[in-house]
Amino acid sequence: MEKYLDITKSVIISSPAGSGKTEKLARRYISLLLGGSEIEKILCITFTEKAASEMKERTMKILEKENLDLFFKIREKMPLMRISTIHAFCFKILKRFSMELGLDPSLDVMDEFNASLLWSESVYESLIEEKDSPDLFFEMMKNRGIKGWDRLSSILNDLHSRRPHPELILKENHFIEGEEEKKILELYSRCLRRYTDKKLERHLLDFDDLELLAYEAIAKNTEWQNILYSFDEHTDHILVDEFQDTSSLQWKIIDKLTEEWRSGIGSKRDSGKTPTIFLVGDEKQSIYLFRGANLSVFQEAKERFSEWLGREYHFEEVRKNYRSLPAIINFTNNLFERLMPPTLYESWRTRYAPFEATRQGDGRVELILIDAAESTKENRGKEASALAKRIQSLIGHYEIFDGEIKRHCAYGDMAILLRKRTHLATFEDALRKEGIPFIVVKGIGFYDEPEVAALRELLSFIIDTMDDYSLFCVLRSPFFGIEYETLFKLIHKGDQPLIEKIQSSTNKKVKDAFNLITGWIEKSKHTPLAVLLEDVLSETGGWRYYWEKQRHANIKKFIKLIEQYESQGFSCLDIREKLIRARQGDEGKANINTEGMNAVKIMTVHATKGLQFPMVFLPSLDEDNVPKSSHIVIDEDGGKISIAYEEDSTKRKKIEHFLRRREKEIEEEKRLFYVAVTRARDFLCMLGALKREKPPTGRLAYIADTSGILKDGQINPEMDILKIMNESQIDEIYFTRHPSLVARHLPSEPFMAEPIYTGPIAYEPILKWRDVTEDIDIRVKHGEDWLVLGRVFHRLFEELSKGVIHPDEIEKRSIILLRDETPNKGNIERLKEIITKNFEKLEKSGFLRDVILPKENSYAELPFMLQRGNTIFRGRVDRIVVKDDMATIYDYKTFPIKDSELPELTEKYRFQMEIYRSAVEKILSVKAKSYLFFTHAQRLIEL
DNA sequence: GAGCGGGCACTTTTT
DNA sequence: GTGCCCGCTC
């Protein structure tokens, strides 16, 4: 048996890229199950939601293959599986013990935007107060010549963005060295107090609160023993994934939870159970410094575990790499052994341990050097064009391993990994020019890009002038750039809508804004919205704030979208609604598991966490990788948190704090490079621009320094660790192998495959999410009215079933619901008539009583998730009534039908109903039968 | 080494 | 639109 599977021991595994980390985690989890642990007593903490679902998937896959009995047993208990993010876990603790913690049990987590709004408000109010008694920061600003509200609030915001650290400094009373820093923190603490009060009033938490409060709850609260005990009772084993990205606070939480176990006096040991903790991670893949990831945590855990647990602890450093071919392994070892030398010792430094390749075959690493042009932009252009050409010359020529079989590579095998998105558009252009299909894996959704968001808010407001929030966003946006100070003053003035408040303002900027905006509202009455947006952009000169090509493109795309909606005849309110929904549905990241999509993927290095690709392209290596310093630095060192503030960037260079932070960031850049390189399975191509007679810069310097590729600025031809090519060579192969010529090429020799060992590879399972909803277009078939009616009927049914409304109130309620759906008064009256008639019929036939009205053991709008193979279905079941161990499922179809259509409709919904039935059987553990309930025609069809 | 003006480039992102 | 770096002067 592998040592890491020994469930009598706690384990830390240092598991580098491609060494089967997820597999090990899943195997350990299974070992615990096999060892008799109950599923609800194992807690597994992952970094993201995605990682959590992957972990579940992987575990089930192994079980399905190797232990069918256990597979079925566990599948039954899937909902009890505790595989979640640390935030979800903390939230659960807080909810569960809300009474003991003095929190409102209905507490909820705020989204980012609302949190930032509440925060800005708090800053504003605190500063107003401070202005009246200027003993703190304003004096200091005056002395230093720092002017302006925005500057000051930006310092506070900067500090706040580094939460939870500044909050911890205050709460834990850390020693603060400088006078200025003390003043800043004092001011910050006032803002924070206000912010906290505001959250309390609204029963809201932000993401940082989850960890902070959970930690306080278990560490300091008088009730903590209770909580610990009950946690203890429910958890025997903890597993943590991506441990290198754990923050100090997260570690403190885990540490506290396991304290009792280690001390050996816990009740568990007496009862003969051995609780364990299992940590997997790779120091070299820690790339979330900006989010508080603290590498020392990993180091510390290793040391303290052996101290505490002695022989009941096992440490393992995996060397084997199952992902990459030897050429890539050799290159990686060569590069990073020097870049991350094991001899340097500071706990935040990265130390490299060389890989052992396990895959057989060659692989290829190449470096394409571009003759540097005048500007960065030009360089990126030349580079992108070379990259596109290189891709074209590889297609149909280069062979990669697909499992054990060799085949020609395709676009879908390739990924371009960027450090940042700045020059994204340049790469897109180059690929487009070559006709290469590609998909960009985006970070934030289209609708949340600042330029799109600004236009979206503007439209929202013009369509509904009572929408203060949208107006606020518009006024803050670069179109008007009105300061917080001015705006908050206005907001706090009275009860009338914001637009009326700004009318009376004496501030010139606000006045101008008011005039422009009212002009637009007037215009919108007789001008298409798309045209209006174009005008807005030219009138305000808005274009110039979005100078980047990508932003221009986004703006154009948005205007086009609106144009489309208008040409399809949607009303303004429709469009507004559509925008709100589109934004909610914007999944942000395009799904890169779009299997079967033969396209090159473009993404940031950060986004590749946990992914791998047969062929990886790494452009812009010459880019400067020294991060810009910020004027505030918060740093951790062995439990101490320190803070430093300095406006002057020249002075910063001489201050220890800033220097060390910089060192840490440079160290992280190296790790990012490591992550990028190790994504490649078979082929790695790097690109960069080299200035003549100047030493290489950025990551190019790393390669040059460490592997002797360049000698005195000249390329060293002796290098066999990677193939170096220049632009003319790229052109040459491109022209001889252009895809149009590929067809004429003879097929390559059939490959005599030696059996190679490729598993267990950390292969990413493909999980597809599908919403189970109406898939025939009701609008097309039955018209707009029935779409609206469908939504209203469903709401009414749900509210009736849940007892929210009484049958007497149907008419009143339907008017309110209809009003939200359609602005037209005549429409409301007409639709209301249809609803009333329908309900009369439902009452007469008894369906209202038998199906819809509240009863024992029944559910309405029950949400579910159901996994079938690689697909996770999610949806809501309209109505379930359980009687005598049998669940009856009703799916409401509210549109009118003819009896002759019934057979066809039944077929159409058979699959959907089948999913519902399985889901219900699983959730409620009873047999189920399902009915389509056509409420207009009063037909009940069993499936 | 401080003080300037011109030139140039403009993070990463999860809960 | 900013803010930073570099090179120049004193």
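Model, not experiment: these values are computed from the prediction. The sequence lines fix the lettering, A, B, ..., with proteins before strands; numbering per chain opens at 1.
Looking at Arg421(A), its side chain has no donor and acceptor atom pair within 3.5 Å of the base of dT11(B). One cannot find a donor-acceptor pair under 3.5 Å joining the base of dT15(B) and the side-chain atoms of Arg291(A).
Ring to ring, Phe438(A) and Phe427(A) are not that close: their centroids are 6.0 angstrom or more apart.
At whole-Å resolution of the value, CD in Glu668(A) and P in dT11(B) are 16 Å apart. If you measure from atom CD of Glu669(A) to atom C1' of dT12(B), you get 8 Å, rounded to the nearest angstrom.
Atom name P, nucleotides dT2(C) and dT13(B): the rounded distance is 26 Å, in whole Å.
Among the heavy atoms of the strands lying under 4.0 Å from Glu49(A) are primed sugar atoms or P, OP1, OP2 only; no base atom is included.
Residues Glu623(A) and Phe47(A) both approach DNA chain B. Their nearest nucleotides, taken by heavy-atom distance, put Glu623(A) toward the 5′ side. Toward the 5′ end of DNA chain B lies the nearest nucleotide of Arg419(A), the other residue of the pair His87(A) and Arg419(A) mapping further downstream.
In summary, Arg660(A) and Glu656(A) do not engage in a salt bridge, as defined by a charged side-chain N under 4.0 Å from a carboxylate O. Here Glu663(A) pairs with Arg349(A) in a salt bridge; the nearest charged N to carboxylate O distance falls below 4.0 Å.
Here the closest non-hydrogen pair linking Glu211(A) and Ile253(A) is O-CD1, 3.6 Å.
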